[in-house]
Structure formats: C-alpha cells, structure tokens
Number of protein chains: 2
Amino acid sequence: MATSPSAVNLLPKQTKPSYHHGDLRRALLDATVQLIEEQGLEAVSVREVARRTGVSPGAPFRHFQNRTALLSAVAEVAQERLVQAVGESLRDDEKADPLQKFRAIGIGFLRWAFANPTHFQVISARLEIEFDSPTLRDRNDELRATMNQLLSQATATGLLRPGDLSRYVLGGRALAYGLARMHIDGQFPSWGIESANSLNESIAVFDQFIASISA
Amino acid sequence: MATSPSAVNLLPKQTKPSYHHGDLRRALLDATVQLIEEQGLEAVSVREVARRTGVSPGAPFRHFQNRTALLSAVAEVAQERLVQAVGESLRDDEKADPLQKFRAIGIGFLRWAFANPTHFQVISARLEIEFDSPTLRDRNDELRATMNQLLSQATATGLLRPGDLSRYVLGGRALAYGLARMHIDGQFPSWGIESANSLNESIAVFDQFIASISA
DNA sequence: ACCTGAACACCGTTCAAGT
DNA sequence: ACCTGAACACCGTTCAAGT
C-alpha cells in the first residue's frame, strides 16, 4: 500500500518520489519504453531517461551497467512477452493438426510484432548487438524444438511435402522475421501495400508459404 | 594527374593532403566504410571520420548535412552494388527458365549480403531510418516488376504452383531479407549453424522454398 | 570555394560526498 | 544502501575567420 502510487494520503508535499526505496529499476525501464515510443530508439539517452524519472544523471548506473544494458533489459521484457504471445497463439489452436499449430506459431509471431512494433524493434536491435544471453538461447532452442516436432508429426500424418524439416523451420522463421522487419523498416508502402493492410498481407504471405509446404 | 594519389613527385613535404581540391567527399565515405568495418556501425562518429581523413571536425558538414546523411550516402553506394550484383546473378542464368531466374535473384541477394555484411547492415539501417528516397523506390519497383514477370512466365509455362504471384514475390523477398538479417545479427550460431556454413544453409533454405512453389 | 578551430549544448560514465 | 552533483572525455553541429 505504501508503494502504491494512489496512496497519497500522507505527506502530500513529497511531489517527486525519492525512489530511495521505490522501484527505480522498473521506473527507468518504463521511462525508456515511453521514450522509444515517443521519439524512437535513437533518441534514448540515459540522461533523458534519468530526467524523466526525476533522478540524477548517474543514478541509472546503479541499476544498469551502461546504456546498452538498459536497452537490453527492455528487450528482455519484450522478448518474454513475445514468447508468451506465441505460446498463447499455439494454445488457442490446441485441437488443430500439427501443421496448423506450426502456422499458429508464425501467425502469433507476426501478430505480436505488428501490434508491438516498438518492442519488436528493441528485440531486433538487441540481436544486432548482443551475442546471445543464455536465457535467450534456451528459449530459441525450445521453440525450435517444438517447431521441429510439429513438422515431424505433420510428416507422419502425411500433411507435409517431403523435404528437410529443419530447413522448413528455419524458412518459416526467417520469413516471419523478414516480414516483421520489413514492417518496422517501413518497407511495405514502397511495396504497394498500405500500412493498415501490412499485417493482413503478411499473414496471407505466410499462409501461402504454409500451403506450399503442405502435401 | 594532379588529383592522382600516385603523383607524389612534387612537394613531398606535403604529407597531409589539404583536400582543398581533392575529393574529400569520397575520402570521407571511404573512411566511414573502413571505420564501420573495424568497429561497427555504432562506432561511426563524424569527428572520428574527420580525424581519420585528416580534416577538422566541421569539414564533413560541407559535404553531408549531418551524420545520418553521411551514413545514408554510404548506404546508397552499397545499394547500388547490391542491385548490380543481383543483376549480374540474373544475367549469369540468361538461358535458364523463368523460375530459375527468379531463384537467381534471391541467391544473388543472399550471396552479396553474406559476402558484404557491413554494407548490407548499412543498407538495412538506412531502411530503418529513412523514409525511402525516390531512386530507391524506383529500383524496388523495377526489381519487383521483374520478379512478377518471371513468375507470370513461370505460370504460363506450367512451372509454378497455383497461387498469388505477388505474394510469392513478397515471400521470396522477405525470406531472403530475413535470412540475411539473421546472419548479420549473428543468429545462426544459436540456430545450431556455424557461421562458415550459414550462406550454404541459407541457399538451401531458399532452394527448398523455390522447390515448394514449383508445380 | 573550401577548410579551420573555437564555441555550444549535448552525451555516457565515474566517483566522492551526502542521506 | 542508494542517490546527488560535479567532473571528464567525448559528440554533433554551427559559424566566424582564414586561405
């Protein structure tokens, strides 16, 4: 109750919270996300984040080793949500056949990336810089294993066109990743696709890929 | 002859060229590329580029409006080379069938991107920031038109699986783009693929895509 | 016409000193 | 234990002054 922002009954003169016991780390992450949403990734400076959070320029360095670590932490949170969204998309199609489940992973990825372009951009930027954290690697391994299994099952039930399974997996992943990147890079307009339609079009492209690799 | 760097017969004491008539613009571009190759995109500062070129901190601004414009100019050169490489790849397969030509475009793209990761990264970074130059848009339109034609012909000659042509085109492009991005992002190792093998594997994935969309 | 070099307003990061 | 605020070495960019 004491940490709740709505608990303003005592000491109303304390306008700026001192964060001396509050959750500065979380506040910094929130401010960073908001700053990215307002001004883009490039505009993120540790000083500006500190300013928005009402602390001194040096304060963030008690919680994050450097600017990269701050952005990396934002990416970590974002990736957690992405993985969760993909997982939910998979669970929504629980009764579907293996190939439809494989599709659900890709569609879940696309839906989330298009709905959260800022977060996807941070994830993507992290990949560009950081040489994989162990948690990230584990999650990748897990998801890849799931996709491989699904395609094995699809093969067993005669749903899949013959071919190298892990190359279908990598292909699906690269396709979804490429579409999402093209979106955040603003490439769709120059491909004759209005922004409003880019998710639908991307899903259609992915669906045609799924149809192509069907038996 | 006066502008040739090998014409060092007169005035050997003039160790640092003054660039007062030389091609400072080109020298700055070269220094930028070299800096990116040595230290990465993030390390590019206008001041460091100026330092390496032997000019004052303000000099580059006579040739480029700002840091972004400098990087953008590097990207422009890079993109020219990419387009040229793709064109050559296409011409190498002049006698091939339409679908093989379509394949040649994708493979040419992949080969170039993997052989020139630095340049590809700059191109990709530019897309992230700049809202398409007219030249870029034209080149995109042209290439897309070519790919569409090829798939039309492939359909006419019964080589292509039924489906939406422009979605195959977009799919092929997104797939190649995604694979190239995964490479420069260093994602292949965490996909169980050694860096040395990532081009071959990417080509194999793309080839399996081509096979999938074959009739 | 093209470059210098000082100047300004910023940054990331560190670290003693405060609470 | 956690934050402040001064300090340092950078940056991007501008602009008078030099050649």
Side-chain angles (χ1 to χ4, degrees), chain A residues 2-3 11 13-32 34-36 38-75 122 125-126 129-130, chain B residues 2-3 5 10-11 13-32 34-36 38-75 122 125-126 129-130:
Chain A
T3 56
L11 302 176
K13 65 177 168 178
Q14 190 192 25
T15 318
K16 54 171 80 162
S18 69
Y19 286 113
H20 242 293
H21 37 37
D23 198 348
L24 177 54
R25 195 190 138 91
R26 171 129 329 252
L28 291 168
L29 290 177
D30 291 347
T32 304
Q34 211 189 332
L35 181 53
I36 297 173
E38 284 172 26
Q39 321 229 30
L41 234 194
E42 313 246 297
V44 173
S45 79
V46 176
R47 290 182 105 106
E48 176 62 20
V49 168
R51 231 175 272 127
R52 284 168 173 240
T53 316
V55 294
S56 73
F61 293 92
R62 205 137 294 264
H63 298 271
F64 303 99
Q65 226 171 48
N66 48 38
R67 194 191 105 117
T68 302
L70 171 62
L71 288 171
S72 196
V74 173
V122 179
R126 192 214 348 201
I129 292 166
E130 217 145 314
Chain B
T3 55
L10 307 175
L11 302 176
K13 65 177 170 182
Q14 191 191 26
T15 318
K16 55 171 81 164
S18 69
Y19 286 114
H20 241 291
H21 37 39
D23 199 348
L24 178 54
R25 195 190 137 89
R26 172 130 327 254
L28 291 167
L29 290 176
D30 290 347
T32 304
Q34 211 189 332
L35 181 53
I36 297 174
E38 284 173 25
Q39 320 230 29
L41 234 193
E42 313 244 296
V44 174
S45 79
V46 177
R47 290 183 104 107
E48 176 62 19
V49 169
R51 231 174 275 129
R52 285 168 172 239
T53 315
V55 294
S56 73
F61 292 94
R62 206 138 294 263
H63 297 270
F64 303 99
Q65 226 173 48
N66 49 39
R67 194 192 103 117
T68 302
L70 171 62
L71 288 171
S72 197
V74 173
V122 179
R126 175 168 66 155
I129 291 166
E130 217 146 314

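These numbers come from a predicted model, not from an experiment. Below, read A as the first sequence line, B as the second, and so on, with proteins coming before strands; counting in each chain starts at 1. The basis for the numbers below is simple: all heavy atoms, side chains too, and nothing from hydrogens, waters or symmetry mates.
- Looking at residues two or more places apart in sequence or on another chain, you find a side chain to side chain contact (heavy atoms under 4.5 Å, CB included) between A:S56 and A:A59.
- Partners of A:Q65 under the side chain to side chain contact (heavy atoms under 4.5 Å, CB included) rule, at least two apart in sequence or in another chain, are A:A69.
- Under 4.0 angstrom from either OP1 or OP2 of C:dC2 there lies no side-chain N or O belonging to B:H63.
- Remark: C1' of D:dG12 and CD of B:Q65 are 13 Å apart, rounded to the nearest angstrom.
- Residues passing the side chain to side chain donor-acceptor pair (under 3.5 Å) test with A:Q39: none are found, sequence neighbours excluded.
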Polar atoms only, N or O, under 3.5 Å: list the protein pairs with nucleotides 5-11 of chain D and their distances.
from: D:dC11; atom 1: OP2; to: B:R51; atom 2: NH2; distance (Å): 2.8

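- In this structure, B:E42 has no salt bridge (Lys or Arg N to Asp or Glu O under 4.0 Å) partners at least two apart in sequence or on a different chain.
- Among residues two or more places apart in sequence or in another chain, the side chain to side chain contact (heavy atoms under 4.5 Å, CB included) test is passed with B:V46 by B:P60, B:F61, B:R67.
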Taking Watson-Crick and G-U wobble contacts under 3.5 angstrom, with | marking pairs to another strand and [ ] crossing pairs, the secondary structure of DNA chain D is written ||.|||||...|||||.||

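- Taking B:R26 as the reference, B:D23, B:D30 meet the side chain to side chain contact (heavy atoms under 4.5 Å, CB included) condition, with sequence neighbours excluded.
- Distance CG (B:L70) to P (D:dG12): 10 Å, rounded to an integer number of Å.
- By the side chain to side chain donor-acceptor pair (under 3.5 Å) test, B:R47 is found to be paired with no residue, residues two or more places apart in sequence or in another chain being considered.
- Under the 4.5 Å side-chain criterion, counting only non-hydrogen atoms from C-beta, A:R126 is not in contact with A:L71.
- We find that CZ of A:R62 is positioned 11 Å from P of C:dC15, with the value rounded to whole Å.
- If you take CG of A:N66 and C1' of C:dT13, they are 9 Å apart, rounded to a whole angstrom.
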